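Everything numeric here is computed off the predicted structure, so don't read it as measured data. Each chain gets a letter, A, B and so on, in the order its sequence line appears, and its residues count up from 1.
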Amino acid sequence: MDPGVLAQYAFNGLMLGVIYAMVAVGFTLFFGVLDVIQFAHGDVVMAGAFVALATYLALHGLGVAVPGLVVIVVACAAALAMALLGALIARYLVLPLRAAPAFNTLLITLMLGSILRELVRLFYPNGSNPQPFPRLLPTASVNLGNFTLRLDTTILLVVGLATIFVVNLVVRRTRLGLAIRAVAQDSETARVMGIDFQRIVLVTFAIGSALAGIAGVVYGLYYNEVNFDIGLLLGVIGFSAAVVGGLGSIYGAIIGGFLFAALQTIGSVALPVSSAYNNVFAFAVVIILMTWKPTGLIAEPTSERV
Amino acid sequence: MRVPLEADVRAPARASDLPVAALGIAAVAAWLWAFLVTDRVAILGALLAVAAIAFVLAQRSAVAKRYGLALARRPRMGVAFAAIGVLAVAAALHDQPYPLLMLCTVMLFVVACIGLDIQTGYCGIVNFAGAAFFGTGAYTAAVLAKQGVPHLFGIVCGAIVAALVGSLLILPVLRTRGYYAALVTIAFGILFSTFLEVNNALGGPQGLKLPGIDLFGWRFNRDVDIGGASASFYVNYVVLALALALGAYVFSRRVDRSWIGLTFDAVRLDETAAAAFGIGIARAKIIAFTLGNFLCGLAGAVYAMMQGFIAPNNFTFGESLILVSILILGGIGNPLGIVPAALIIIVVPQKLQFIQEYRFLLYGILVVLILLFRPEGLLPRPVRRYFPAPR
Amino acid sequence: ALHAKETVKIVFIGPLTGGNAALGLGGRNSADLAVQLHNADAKAKYTFDMVKLDDQCKPDIGVQVATKAGADNGIIAGVTHYCSAVAIATVDTYHKFGLPVIVWGAVLPAITYGNDYPEIHRVNGTMINQNEVNAKLVTGLGYKTWVIIHDTTDYGKGHDEYFTKFLTQDGGKILADFGVGADQQDFTAILTKVKELNPDVVYFGGLTPIGVRLRSQMDKLGIKSQFEGTSGIVSDSYIQALGPLAEGTIAFIDGAPIDKLPGGKFFLDQYAAHKYGEPPEAYGPYAFVAANLIMDAIEKVGPNRKAVTAELAKTKDHQSIVGPITFDAHGQNVVPIVTAYVVQDGKWVVWGDSDYAKGKRKLAGGK
Amino acid sequence: MSASLAVEGLFAGYDRADVLMDVSIAARTGEITCILGSNGSGKTTLVRSILGLTPPRRGRILFDDADIGGLPTHRVIGLGIACIPEGRKVFPKLTIEENLRLGAYREADDDTIRERLRDVYRVFPRLEERTTQLAGTMSGGEQAMLSIGRGLMAGPRMLLIDEPSLGLSPRFVAQNFDVIRRVNEQGVTVLLVEQNAHQTLAIAHRGYVLSQGRVVAQGTAAELRNNEEVRRAYFG
Amino acid sequence: MTQPRQSTASVVAPLLACHGLTMRFGGLLALDALDLSVASGEILGLIGPNGSGKTTFFNVLTGLYRPSAGRVEFGGRDIIGASPQQVCRAGIARTFQRSRLCLPLTVFDNVMIGNHLRLDHRVSFNVLRRGALRRQYDECVEAARSLAATFNPRLSSRLFEAAAALDMIDRRRVEICRALVNAPRLLLLDEPSAGMTRGETRELMDDILQIRAARGELTIVIIEHEMNVIERMTERCVVLNYGEKIAEGPFRVVASDPAVQEAYLGQAVAEA
Ligand SMILES: Nc1ncnc2c1ncn2[C@@H]1O[C@H](COP(=O)(O)OP(=O)(O)OP(=O)(O)O)[C@@H](O)[C@H]1O
Ligand SMILES: Nc1ncnc2c1ncn2[C@@H]1O[C@H](COP(=O)(O)OP(=O)(O)OP(=O)(O)O)[C@@H](O)[C@H]1O
Ligand SMILES: [Mg+2]
Ligand SMILES: [Mg+2]
């Protein structure tokens, strides 16, 4: 195959992988702090994108047009709004179900996801239809043979990786990270250590959701289009990526995200029959991977003993 | 519902159990009838309110406890009364096909969810591919019906094929647990529906048409004449679905209230300890997974023939989520909870048709509220009793 | 009118929630508009009450609501279904209940041609005609090579099938054919392959959301091919979502250009005047026409399903805002016209009237 | 820096029934106060109530004369109380060192933490040998050591200890009591719950005996040692 | 205090024999070429400092861990590499250092988990033959009731309460019932007295001895840190340190061994 084309595949795959990884990291964080799956997470990404879009339109209406500034304001608005949303979800939907089986959280967040989706569809102007997302980044590009390297995409890739990196640092290197992991394992004993359980949970959900908000912005800027129903599939893939990578490990989530993107890309490119099989292919590989590594690629070290 | 204390339950049945239970069933049947026929917002609201109040009272009042005990002490009577209740509702609705169709749909989903409950609630295997197994049953029945195979055989085959397809997943399911197992089934569910869609062999995205059930010459899709009055053909399906639902219920109860149920519990709660006492983990999981898929396939086969048409997008991940939702909302591990949960998840959105595009919003909010008030689900699992009181 | 009129119930069914809701809502609003306009007419014998049901674009839910409508003897007729899988799933139900319906959006040929049910009618064309015209037109423009992308629903697959058939007849060459999931987001892998193949035209069989994604990702990858689609993308939101990128997209619809026909402008004006929350979208006019056909029939023969069924069968050369309507033996409107559109300056413009046809502007793909 | 704790007329319990009924105890500044009692008499519930894990239904809990009843747990800990909980409760998926650091969660100064780590390692060299082992894989007794060490990491003014020597070998049991005494000598008030009445009374200043949720005996260590009932239950 | 029982079995072939048993966790040697044998009918005490490998020894025996090297023979059969289920079937039952009851289940259910091998768990039997199941069930209830009654009459009346409702000591009793119900040949007890007062411990030990007397031929290996228990219950002790056997013999003898005092007992021995 032409090296340029190959590079193009790889680059697009990377970009897709970054988005998946950003979503997957959220799943891992929530799982890490409360052992729960926040199934509305994909819809939080969508909501983030719509907040960004609305902010942009508001700025546009106000006549603010400094390109760099607009991007930053838009991204911050999405991140903050989603952080707040995440904290609210944790406070009013997830924590009240603490005592119930973990799967009940799954149902309540599933419903929340459809509520978010319907809210956007019904109350965002013309929300049933795809919305154009503005191109706010410089679109210069270089052509290297068959490979088009675009500046905006490159920026997005770097920003996405950087946010994941920062979140990873926060979680690994600060007391917060230790507290998150402690809370996940034994919330009561964590409190006995002086950890403010509720605060840690809210903060974790806020961080994960802010990341989703930024993922929403990246999504919008990359595809220049957002739709109210992008969340469900993103959520499922993010969840799958987190699990394939190994729940509870941020690196696992990242690897899972890129792996998923790679599988889909390879599926589309290499399968002779029809690229519609690419999901069949990706998920079949997932099943095989899970059989091979039942606790994910970065398996948790066993800490259980008898 | 408060879990009846062992001592209460073990007390011998009383003569008054019968009228008490009969009265209770009659009340529930009347409610069900009203719920199924109503088209009016106000009535629907009132019915839901009545149900909620009755529910709260049931947890508090002595009358309701008495009622629960009466049934707990005489499970057979409970099943018989439930059958009579549903048949009475069906009789009252005999010329209204739509409520009958909803009734059948609910009962068939109950069958499938009981299957999932055996997997998830009893044995701890989370299955997010319920719709795939449901669909396997449906497609098997469709293909066999096309070949002219007798329908009863086709339906049974649907169930068996679902169980067999499930065995493809046995290895990964045995190796993984919790969310990891969930992912395996999610992957399979998505894979299944995509495969149906892109593959033309089974009708592709356009789906397949099916004939109505024909059991030994009894054509289900023909309206029935009962003593001069003509009843909708869905009455046939009500009877069949009722038989299946009751059968599945009794079956799952018996499984739970036996050494097998105990084995499942041990495997779910502590595999290490279970193994140390000789319990075959793999065997238990295989049994639970296969039984569950069998029931899903069975329900799917009948559902397909009742609908007369199936297409891949009836068996997607979203549909699996609906099945799991019913399970969770009902209370994992309690087959009885599945019934009200199925009514809520399947019928309520249809009852909300009058608000058109807003109905899913309202429905989502409703479910969230229910869960906030009952985090464990509607009817949490009771403590196991192997046998009712001696007569 | 001095005395109270009799009220007659009819039903509208379409997807009001979920991914296809935009089109469903447009259809519902348009049908509703027809009813409103009719009810405002003092000369009419009946007042109409339209029950609106959501089929969620799922066959089993479709059968449920069809049963609900069919079993309700107060409902005389229906304007039903946008999604083909739902429409095909419900034909038996309507037949069983004897409820006459007019399909307003689903394009699968088998809905009308796969049975002999007198109850089933359809105002919009099947996907056959538009692909025939499509293939003729674009091969005529001198394009030689195509890549087909279609979604894997019945809609996309059907278009794929018919377009392939007609294009091959007309001598076009298909370099590759991709199926994509209806909720897929990312097409860069496929499009990279397309870029490598470098076709003259990318044909897309599917609906607006994916159409938008495809077109915008094509641009991202620097694909210069001409983009053309099916009736599924002829919507304002396609243009709105893409902005300048939409320019030059070609698409086809079975029917006449609405603003050209008598009443078309009236429809659009009234639609605007009634301040619906959502645009009518491509198939709104069909729902409008279907509702009117039904109401006219009822006005004529009274609220009786059998009579209405018989009356509808007689429909011939009925002038409507989508052109003349004639039902054949299967209840299918024999659409004489397929209209080609091209996006020009942010509007869908009838091909013949466009600067492109006149040679003032050039389509992509170097032709 | 030392502190005093007083519990007055405390009622607490789970679900329906009260487990503690009208319990009043006082842990005086700088002393070791022990709580004895048979299984299920409510000792752990008392500790949990003080920590705010099982909030009191009635009664007051005074820490340095401020009422802390009903305060959220992390605030109670913030006042300078630390706890070595019953059943060890180590964080299984964290390493030994991470567990220990969590003990000093409220301590911001890194040097102090490092110093305390060194102290703990001096007492339990086994922990230092294994700093990166996951706590969950340690033996029962090793986990007990870790739990005690974690309690010491907090550098508290008051230490609540619930059956610390459970599962410890005889040698470490002795050493453990030694540690408690030394900690106390540095001015930390200690409330000690133990089954091992012998050694407990040997280091405690005073104590209480709980039975079925009520205080049935109290006094100085010497008094308790000579109490007929205590002798029968714990030394016989 | 009861006298240590005289062993008559010490001359016949041992019930359990381990040779060179080694268990490695990464770089850590938890069992170091351990040779150990248990005679039929004996009560063996297994003691040693924390982390010396006692529990690991049980885990290796019961098939939860696969040893890095060595042989284990039980009743003349090699059981290395056997699954936990096979070990159980061979007649070894155990309790766990950390309680592993299924808390949401009833006491009866928990005990029946231990009785698994005797129960008929064919699907057809359980679902269809309810009458036969009922007979088996009634027998089991009786068995569980009488077993529980040996330990605590009150426990036998709480047979159908959730295990979660019991306090610690009763839970421990249930665990021992669960291990005993299947009448194993070898019973492994891991710190049965932890968390109990001395009086309670004595009661529990009496109960175990009573059951053993009633059953006859029950071999027990008991891990304990409570020297009273060891002294009273066992006729022979094995002392581990860093996975190695450092002493063996009757408790009095072992306890006076300076190496054991140094590693394990400290000064506390005087008090025992
Ligand atoms: N979480 C709980 N829910 C309900 N009851 C409980 C709970 N924890 C303890 N209990 C009950 O409260 C009573 C007192 O228990 P507690 O643990 O305080 O006793 P304790 O004196 O610490 O006993 P031990 O010596 O076993 O540690 C017991 O009867 C116990 O069954
Ligand atoms: N799964 C494991 N992974 C790593 N190390 C382990 C594992 N299991 C046990 N160990 C180590 O092996 C050694 C022996 O542990 P074991 O549990 O057998 O000790 P023990 O003699 O039972 O001690 P205690 O009296 O404290 O219960 C310990 O140092 C422990 O940390
Ligand atoms: Mg305690
Ligand atoms: Mg041990």
Got a donor-acceptor contact below 3.5 angstrom from the Tyr180(B) side chain to the Leu247(A) backbone? yes

Using atom types as modelled, flag every donor-acceptor pair under 3.5 Å from a side chain in residues 111-124 of chain A to any protein atom, sequence neighbours excluded.
residue   : atom : partner   : partner atom : Å
Ser114(A) : OG   : Met111(A) : O            : 3.2
Arg117(A) : NE   : Asp43(A)  : OD1          : 3.0
Arg117(A) : NH2  : Asp43(A)  : OD2          : 3.1
Glu118(A) : OE1  : Arg121(A) : NH2          : 2.9
Glu118(A) : OE2  : Arg121(A) : NE           : 3.4
Arg121(A) : NH1  : Leu16(C)  : O            : 3.1
Arg121(A) : NH2  : Glu357(B) : O            : 3.2
Arg121(A) : NH2  : Leu16(C)  : O            : 3.1

Show every ring-ring contact (aromatic ring centres under 6.0 Å, His included) that has at least one partner inside residues 99-122 of chain A, sequence neighbours left out. Phe103(A)-Tyr179(B)

Under the ring-ring contact (aromatic ring centres under 6.0 Å, His included) definition, can you give me all pairs with a residue in residues 316-341 of chain B, not counting sequence neighbours?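 Non-adjacent pairs meeting ring-ring contact (aromatic ring centres under 6.0 Å, His included): zero.
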
Check: Phe128(B) and Leu106(A) side chains under 4.5 Å, non-hydrogen atoms: yes

Sub-4.5 Å side-chain heavy-atom contact between Ile108(A) and Leu372(B): yes

Which atoms of Ser325(B) approach chain A - backbone, side chain, both or neither, heavy atom under 4.5 Å: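 Both parts, backbone and side chain.
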
Heavy-atom pair of closest approach, residues [X] and [Y]:
X	Y	value
Val286(A)	Ala187(B)	CG1-CB, 4.1 Å
Pro101(A)	Glu376(B)	CD-OE1, 3.8 Å
Ala100(A)	Pro375(B)	CB-O, 3.2 Å

Using non-hydrogen atoms and a 4.5 Å limit, figure out which bit of [X] sits close to chain B: side chain, backbone, both or neither.
X	answer
Ala282(A)	neither
Tyr92(A)	backbone
Val243(A)	both
Val244(A)	both

Heavy atom to heavy atom, less than 4.5 Å: which residues from residues 163-178 of chain B reach chain A?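 Hits under 4.5 Å: Leu169(B), Leu171(B), Pro172(B), Arg175(B), Thr176(B).
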
Interatomic distance, Leu183(B) atom CG to Leu289(A) atom CG [nearest 0.5 angstrom]: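 These two atoms lie 9.5 Å from each other.
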
Can you tell me how far CG of Leu232(A) sits from CG of Leu321(B), rounded to the nearest 0.5 angstrom? 7.0 Å

Quick one: which of [options] has the most heavy-atom pairs under 4.5 Å with chain A, could you say?
options	value
Val368(B), Val184(B), Ile365(B), Ile332(B)	Val368(B)
Leu327(B), Thr120(B), Ile190(B), Leu366(B)	Ile190(B)
Leu191(B), Leu329(B), Ile186(B)	Leu191(B)

